[in-house]
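Side chains are part of it too, since the values below use all heavy atoms of this structure and drop only hydrogens, waters and symmetry mates. All chains are named by letter (A, B, ...) in the order of the sequence lines, taking the proteins before the strands, and each is independently numbered beginning at 1.
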4 protein chains.
Amino acid sequence: MSKKQDIMAATLDLIHEEGLQSVTFSKLFKRANVGAGTIYNYFANKEELVNAVYKEARILMGESLLQGYDPEASLYERFKCLQLNRLNFGIHYPKEFLFIDSFSFSSYISPELRNMEDVHQSSEVVLSLIVEGQKQGMIKEMDSHLCHQLIHGIISSILKGYYIDKYPLNDVQVQQILESSWKAILV
Amino acid sequence: MSKKQDIMAATLDLIHEEGLQSVTFSKLFKRANVGAGTIYNYFANKEELVNAVYKEARILMGESLLQGYDPEASLYERFKCLQLNRLNFGIHYPKEFLFIDSFSFSSYISPELRNMEDVHQSSEVVLSLIVEGQKQGMIKEMDSHLCHQLIHGIISSILKGYYIDKYPLNDVQVQQILESSWKAILV
Amino acid sequence: MSKKQDIMAATLDLIHEEGLQSVTFSKLFKRANVGAGTIYNYFANKEELVNAVYKEARILMGESLLQGYDPEASLYERFKCLQLNRLNFGIHYPKEFLFIDSFSFSSYISPELRNMEDVHQSSEVVLSLIVEGQKQGMIKEMDSHLCHQLIHGIISSILKGYYIDKYPLNDVQVQQILESSWKAILV
Amino acid sequence: MSKKQDIMAATLDLIHEEGLQSVTFSKLFKRANVGAGTIYNYFANKEELVNAVYKEARILMGESLLQGYDPEASLYERFKCLQLNRLNFGIHYPKEFLFIDSFSFSSYISPELRNMEDVHQSSEVVLSLIVEGQKQGMIKEMDSHLCHQLIHGIISSILKGYYIDKYPLNDVQVQQILESSWKAILV
DNA sequence: CATGAATGAGCGTTCATTCAT
DNA sequence: TATGAATGAACGCTCATTCAT
């Protein structure tokens, strides 16, 4: 792995373990096994480093959310795919998920990055799916952003409980969650 | 007593505006209009100050969550009351809500405080309501903590979208949210 | 006892217990059982307080050093009286002795105070005793200040060893010390 | 290595000039011409710095005190060597001498350091010399620690008078002091 | 007189950043 | 590139001093 990736991986690890506030450069150097000045060959400052880590996580998330999405499938199949992708991303990449969840609204992350297209692509897919479902009379008439937030919020919240070992997330639970979130927005 | 309240209010404001990490004492002194040493008449150190602010927010939340709760009312009425209380707390006390949401799992908050009884009382009311509903065959059979997390997660997520002006939260939306979250957990 | 004396006694105690550097006003207030502002009714600032304590100790020492001094007695008798007075002062007033010993050359003590007449009276008695002895051919010809310092130094040093319990100071030891210091300066 | 030495030298200078209590880091930085953080590359904190300076002074003193000591020489020759070494150390290293003299019993100095072997070696040489002299009937029968303290005290006291220019310390005076201290403990 | 809450300059220390090697 | 000693602004905190009561 390159020095640059060592640094970014160490950054994400430290953010996950102790929170952004306690990611000091001296901890970072030791963890990443690089010299104090090496970071500045790759990143102009701490903020750019964190933003780069954020960007990488967002790209990874963006790729995950639309994985296997079949525009031709039924409304419910497409809905399940999107929700499952989000859930699986959170299960397999907890560090990335929590980092994105915590800092998307932080002033630490630059506005340009916050509005990256990657994840928004998936957001738009979700939004148009909602609108489509409402036109068909399947999905309840409500503000589409509110509806979007609602089904995402279920996944995020479930994941946070899972991370602190409140319950397992096996196939049974996963199916229950998908059903629940679907029923929540049906007419 | 006013100085203490000034300091705590300024702390909560700053946490809300810039995040806990950037609550420096120099910002705090200016915001609260007190001298550098004044804080130490009331709080042993920064951590105790933050914990005191957290405790106050938790007490306020604890009082709000069970407001008007009638144990004799129907299952659905009780459910709506609990969800509505949470939503209203978030609407009227956004700073408190976000602070609690962000830092309940932070190492900055002492474990004793994290496990205060106040909010947990309401948690147990919710949990037993879920179990009761499951016995009656109304609520879907699933891990009660998972179910709890699900309905809370909906409210939290909706509130976060509301805070960044994604949509309004008028009576219409509020009713939709209550219905959605109820349908999410019905059999 | 008056507030003023409470404060001065507490100051001397604290200096003796922890050293001047750690005599903070907050410790002082608690020890002396007075309010934070009360000191300023009696002393303009910390330095004046310390100087006042120093002055009081010096006055006490000045009184002690010439106690029972009989100008008509023999050279040796007068020498023994002076040395014994110094030794006894150190034995009975360890806090005062050590404070004077440590801070006589500190910049904390004002020059005027350092050159108070009280103890110097006794110094001049000692010096003229030395000169007289040298004229009589009993005391070795040497710089009288050097001689003075020598016999004082013996007493001071012995006291410091006594304070840390290196040895007892009973009559036997006291007699040995007086003899030794006398022999040290004889021709 | 130069920065470390700069810092230690500046520390010793400041202690000598103004006392330990006024060795603030801001004075230290200016004096040593280093940045505020540089000290922490070499010393964990202020106390460790002071202890390091103390240790260096003690090592220097330990080397000086037994210089040229010939165990085969006569009792008086050995006595003179020890006393002269101490006197010379004080004359050539006044800052080190006063620092050790003042702070050997300060809580600032760690107990391990206080009980270093270096200087104690010389103490034991002095003590056994005293005991030997007492067995031979040359040195007065008295507590050996008392006797030790007495002859050290003479040197210390003389040096303090010398430092404030009370008198010169040329060969004549030095010989007088050695004789006086010898006579003080003879039978 | 006596009080103690309030003050803010100054403390020891941390840590993002620089730069000579 | 890669390094890490050096830097100094900024941090949390202390404490002598003030002043309204």
Residue-phosphate contact under 4.0 Å: [X] side-chain N/O, [N] OP1/OP2:
X     : N      : result
C:K4  : E:dC1  : no
A:Y42 : F:dA2  : yes
C:K46 : F:dC15 : no

Could you tell me the separation between the [atom1] atom of [X] and the [atom2] atom of [N], rounded to a whole number of Å?
X     : N      : atom1 : atom2 : result
A:D6  : F:dA2  : CG    : C1'   : 13 Å
C:I7  : E:dC1  : CD1   : C1'   : 11 Å
B:E47 : F:dC13 : CD    : C1'   : 14 Å
B:K3  : E:dG4  : NZ    : P     : 19 Å
C:N45 : F:dT17 : CG    : P     : 5 Å

Check your understanding: Just wondering, do B:E56 and B:M8 contact through their side chains at under 4.5 Å, heavy atoms?
Key -> yes
Exercise for review: Side-chain contact test, heavy atoms from C-beta onward, threshold under 4.5 Å: evaluate it for A:L49 versus A:L28 and give yes or no.
Suggested key: yes
Exercise for review: Would you check if there is a donor-acceptor pair between the side chains of D:S64 and D:Y93 at a distance under 3.5 Å?
Suggested key: no
Exercise for review: Determine whether the side chains of B:Y54 and B:S110 contain a donor N or O and an acceptor N or O closer than 3.5 Å.
Suggested key: no
Practice item. Can you run down the side-chain hydrogen bond (donor to acceptor under 3.5 Å, both in side chains) pairs that involve residues 31-52 of chain A, sequence neighbours left out, and say none if there aren't any? Key: A:E17-A:R31
Study note, to complete from the structure: Per nearest nucleotide of DNA chain E, the residue lying toward the 5' end, C:N41 or A:A36, is C:N41
**Study point:** A:T38 vs D:A44, nearer the 5' end of DNA chain E by closest nucleotide
**Key:** D:A44
Practice item. Check each residue of residues 11-33 of chain B for a non-hydrogen atom within less than 4.0 Å of any atom in DNA chain E, then write out the ones that pass by number, or none. Key: none
Check your understanding: Taking for each residue the nucleotide of DNA chain F with the nearest heavy atom, is it D:G35 or A:V34 whose nucleotide lies nearer the 5' end?
Key -> A:V34
Review point. DNA chain F: D:I39 or B:Y40, which has the more 5' nearest nucleotide?
Key: D:I39
Review point. In degrees rounded to 10°, what angle is found between the helical axes fit to the five outermost pairs at each end of the helix from E:dA2-F:dT21 to E:dT21-F:dA2?
Key: 10°
Review point. Would a distance-only check, ignoring hydrogens and angles, find a side-chain to backbone donor-acceptor pair under 3.5 Å from A:D101 to A:F97?
Key: no
Practice item. Keeping the roles fixed (side chain from D:R58, backbone from D:S104), state whether a donor-acceptor pair exists under 3.5 Å. Key: no
Exercise for review: Flag the pair D:E18 and D:K27 as a salt bridge only when some basic side-chain nitrogen lies within less than 4.0 angstrom of an acidic carboxylate oxygen.
Suggested key: yes
Check your understanding: Taking the inter-plane angle between the rings of B:F29 and B:F25 on a 0 to 90° scale, is it parallel (under 30°), tilted (30 to 60°) or perpendicular (over 60°)?
Key -> perpendicular
